[in-house]
Amino acid sequence: MIFYNIQHFGDWTWTPWLLRMLADPGNQVLLTYDGSEEDVARVAADVTRDAPALKRLDVERSLPVRWCGPSQVTMQIEALRRALRRDGWEFFVNLSGTCTPLRSQAEIRRTFLDARAEGLNAHITAFAARRPVVLPEEDPEAPVETRKRKRLVLRGNARLLDQFGEPGFFPQGNAHNRVFIRCGEPAEDRRVLEIARPDDDDIAFRQAYFAEFQHYCGRAWYTLHRSVCEALVAFFDSPRFADTERAFLTCFEPDESFLPTILLNGMCVPAEQVSLQNFRTHKGAQRKLDDQTFRDHLVDTPALFSRKVVHARAEDLRAFLEDRVAAR
């Protein structure tokens with residue numbers, strides 16, 4: 001009934017617990033792990049040793065994903081393709097390895113079916129990015145440098161790197177600027193993002209594209225009916241996708257804009273089928289959850305899922321969730 005795509009990297013100690021929380025004989029889970037083949041084999045052995053009651057459980061190697069890079073969108077596309085190679089499910093839900101359900105699988109299914117009965121087949125969160133764009137700048141006299149900004153390692157013209165420190169430009173806080181920054185992922189260093197100002201023709205293309213299609217940005221967490229997944233993949237495989245591919249698969253941090261812009265502009269399904277409720281606490285925003293914080297965020301929420309469980313400090317939280325799921 002439900003296909004869960006879990007994209008994970010790093011410590012998988014608590015992944016078996018998450019799988020037990022998703023257990024239902026009608027559900028399928030695909031766990032894609034971003035790591036070496038050896039790590040994927042170890043993950044597969046650990047999570048299948050005491051496999052929960054699921055219709056199907058697969059562990060596969062993820063495509064390499066670089067935070068804030070275009071590969072985030074490449075893996076979104078690949079996740080939908082991998083899901084559609086499997087039969088016997090109706091709803092697609094993407095999760096990370098630190099997510100958790102907040103309701104029983106029966107209640108989650110009923111919620112999805114009730115929404116579908118109302119004509120809602122895609123559930124995302126997004127807002128229209130309407131603020132004026134601040135275009136990136138480069139100084140031909142400035143050197144190419146590599147700088148670290150928190151989790152980011154950026155390589156580019158020093159003037160553009162300086163812009164990342166300017167409040168009106170900083171693209172992580174100003175989503176409308178992201179799609180006007182060219183971004184590449186050099187193979188020789190998986191930490192680095194290469195950023196640049198697009199050339200004049202590419203700037204003109206992006207301005208024309210986002211004049212035709214409203215840029216929407218939200219969170220990279222969604223629930224999709226299978227019919228929407230099929231329509232999206234058909235769109236990806238069509239000539240109509242060329243401009244959208246050019247706009248998003250070459251820009252900085254596209255993952256929060258890619259699907260919302262496609263869906264809310266009606267490129268593959270009528271926009272009336274798209275709900276702005278993605279069933280996550282805080283619409284999928286990051287809120288770290290442990291024994292000290294979870295009661296403020298989870299006790300009264302109507303959401304179906306939450307993010308960022310800090311398992312090393314979450315014994316009471318896990319017990320609370322296990323009891324809640326079992327009681328419904």
Side-chain angles (χ1 to χ4, degrees), residues 1-24 26-31 47 50 52-54 57 67 79 91-116 118 120 122-127 151 217-224 255-256 259-260 274-328:
M1 182 64 165
I2 301 175
F3 184 97
Y4 288 106
N5 187 94
I6 304 173
Q7 173 74 29
H8 193 44
F9 68 97
D11 184 10
W12 65 86
T13 302
W14 293 102
T15 307
W17 178 85
L18 172 58
L19 294 176
R20 289 193 295 272
M21 294 290 285
L22 302 176
D24 185 278
N27 289 351
Q28 302 185 44
V29 173
L30 172 61
L31 171 61
V47 303
D50 183 24
L54 291 164
L57 170 60
W67 188 60
F91 298 100
F92 175 102
V93 178
N94 70 327
L95 301 174
S96 77
T98 60
C99 291
T100 181
L102 305 178
R103 299 284 188 274
S104 71
Q105 294 304 300
E107 188 170 356
I108 291 171
R109 283 197 305 273
R110 286 195 300 272
T111 302
F112 293 168
L113 290 169
D114 288 347
R116 179 157 167 74
E118 296 177 3
L120 298 174
H123 305 273
I124 64 175
T125 184
F127 61 91
R151 290 173 58 186
C217 186
R219 298 289 174 183
W221 307 99
Y222 40 85
T223 297
L224 307 173
D255 65 312
E256 296 179 337
L259 287 179
V274 183
S275 162
L276 294 180
Q277 165 56 269
N278 69 355
F279 301 120
R280 269 71 169 184
T281 55
H282 306 287
K283 298 183 179 181
Q286 297 192 39
R287 298 288 193 280
K288 291 187 177 181
L289 298 173
D290 57 24
D291 288 345
Q292 281 67 52
T293 63
F294 79 89
R295 290 179 178 84
D296 293 335
H297 298 308
L298 301 187
V299 173
D300 297 322
T301 179
L304 304 180
F305 304 97
S306 195
R307 297 184 60 210
K308 292 294 181 183
V309 176
V310 183
H311 282 282
R313 305 192 301 271
E315 183 176 357
D316 293 342
L317 165 58
R318 289 193 301 272
F320 166 80
L321 291 173
E322 290 165 3
D323 290 344
R324 184 177 191 177
V325 166
R328 293 174 181 245

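Between W14 and V309 there is no side-chain heavy-atom pair separated by less than 4.5 Å. For the pair L54 and R20, the minimum side-chain heavy-atom distance is 4.5 Å or more. By the 4.5 Å heavy-atom criterion applied to side chains, S96 and F9 are not counted as neighbours. A heavy-atom distance below 4.5 Å is not found between the side chains of T281 and H297. Side-chain contact between Q105 and L22 is present, with at least one heavy-atom pair separated by less than 4.5 Å. Using a 4.5 Å heavy-atom cutoff, the side chains of R103 and I108 are in contact. Using a 4.5 Å heavy-atom cutoff, the side chains of V29 and V47 are not in contact. Taking 4.5 Å as the limit, some side-chain heavy atom of F305 sits within range of a side-chain heavy atom of V93.
The minimum heavy-atom distance between I2 and R109, with the atom names listed, is CD1-CG, 3.7 Å. Residue L224 comes nearest to A122 through the heavy atom pair CD2-CB, 3.7 Å, listed as atom of the first residue, atom of the second, then distance. Nearest approach of T15 to H8, heavy atoms of both residues: OG1-CD2, 3.9 Å. Taking both residues in full, the closest heavy atoms of L19 and P52 are given as O-CG, 3.7 Å, listed atom of the first, atom of the second, then distance. Shortest non-hydrogen contact noted between R280 and Y222 is NH1-O, 3.5 Å. Contact record, L321 with P101: CD2-O, 4.1 Å, taken as the closest heavy-atom pair.
To the nearest 0.5 Å, atom CG of residue L102 and atom CZ of residue F294 are 11.5 Å apart. With rounding to the nearest 0.5 Å, the separation of CD in E256 from OG1 in T125 is 10.0 Å. L95 contributes atom CG, which lies 11.5 Å from atom CE of M21 (distance to the nearest 0.5 angstrom). The line from CD of E322 to OG1 of T100 is 9.0 Å long, rounded to the nearest 0.5 Å. The line from CG of D24 to OH of Y4 is 8.5 Å long, rounded to the nearest 0.5 Å. Taking CG of N5 as the start and CG of L31 as the end, the distance is 8.5 Å to the nearest 0.5 Å.
Here F112 pairs with F91, F279 under the ring-ring contact (aromatic ring centres under 6.0 Å, His included) rule; sequence neighbours left out. For T13, the side chain to side chain contact (heavy atoms under 4.5 Å, CB included) partners are D11, not counting sequence neighbours. For S275, the side chain to side chain contact (heavy atoms under 4.5 Å, CB included) partners two or more places apart in sequence, or in a different chain, are L120, H123, Q277.
Between D296 and R287 there is no salt bridge, since no side-chain nitrogen of the basic residue lies less than 4.0 Å from a carboxylate oxygen of the acidic one.
Between the side chain of N94 and the backbone N or O of T223 there is no donor-acceptor pair closer than 3.5 Å. Between the side chain of D316 and the backbone N or O of A319, no donor-acceptor pair lies under 3.5 Å. No donor-acceptor pair under 3.5 Å is formed between the side chain of T301 and the backbone N or O of L298. Of the possible polar contacts, none joining the R219 side chain to the A126 backbone as a donor-acceptor pair under 3.5 Å is found. In this structure, the side chain of N278 engages the main chain of K283 through a donor-acceptor pair within 3.5 Å. A donor-acceptor pair is defined here as one N or O able to donate and one able to accept, closer than 3.5 Å; such a pair exists between the side chain of R307 and the backbone of G284.
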With side chain to side chain contact (heavy atoms under 4.5 Å, CB included) as the test, would you mind laying out the steps for F3 and N27 before giving the verdict?
CA-CA 6 Å; F3 184 97; N27 289 351; over 6 Å; no

For side chain to side chain contact (heavy atoms under 4.5 Å, CB included), just list the numbers for H311 and W17, CA-CA rounded to whole Å, side-chain angles, deciding distance to a tenth of an Å, and then say yes or no.
CA-CA 10 Å; H311 282 282; W17 178 85; 3.6 Å; yes

Run K288 and T98 through side chain to side chain contact (heavy atoms under 4.5 Å, CB included) and show every step you take.
CA-CA 10 Å; K288 291 187 177 181; T98 60; over 6 Å; no

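Counted by atom type alone, T293 and D290 present one or more donor-acceptor pairs between their side chains at under 3.5 Å.
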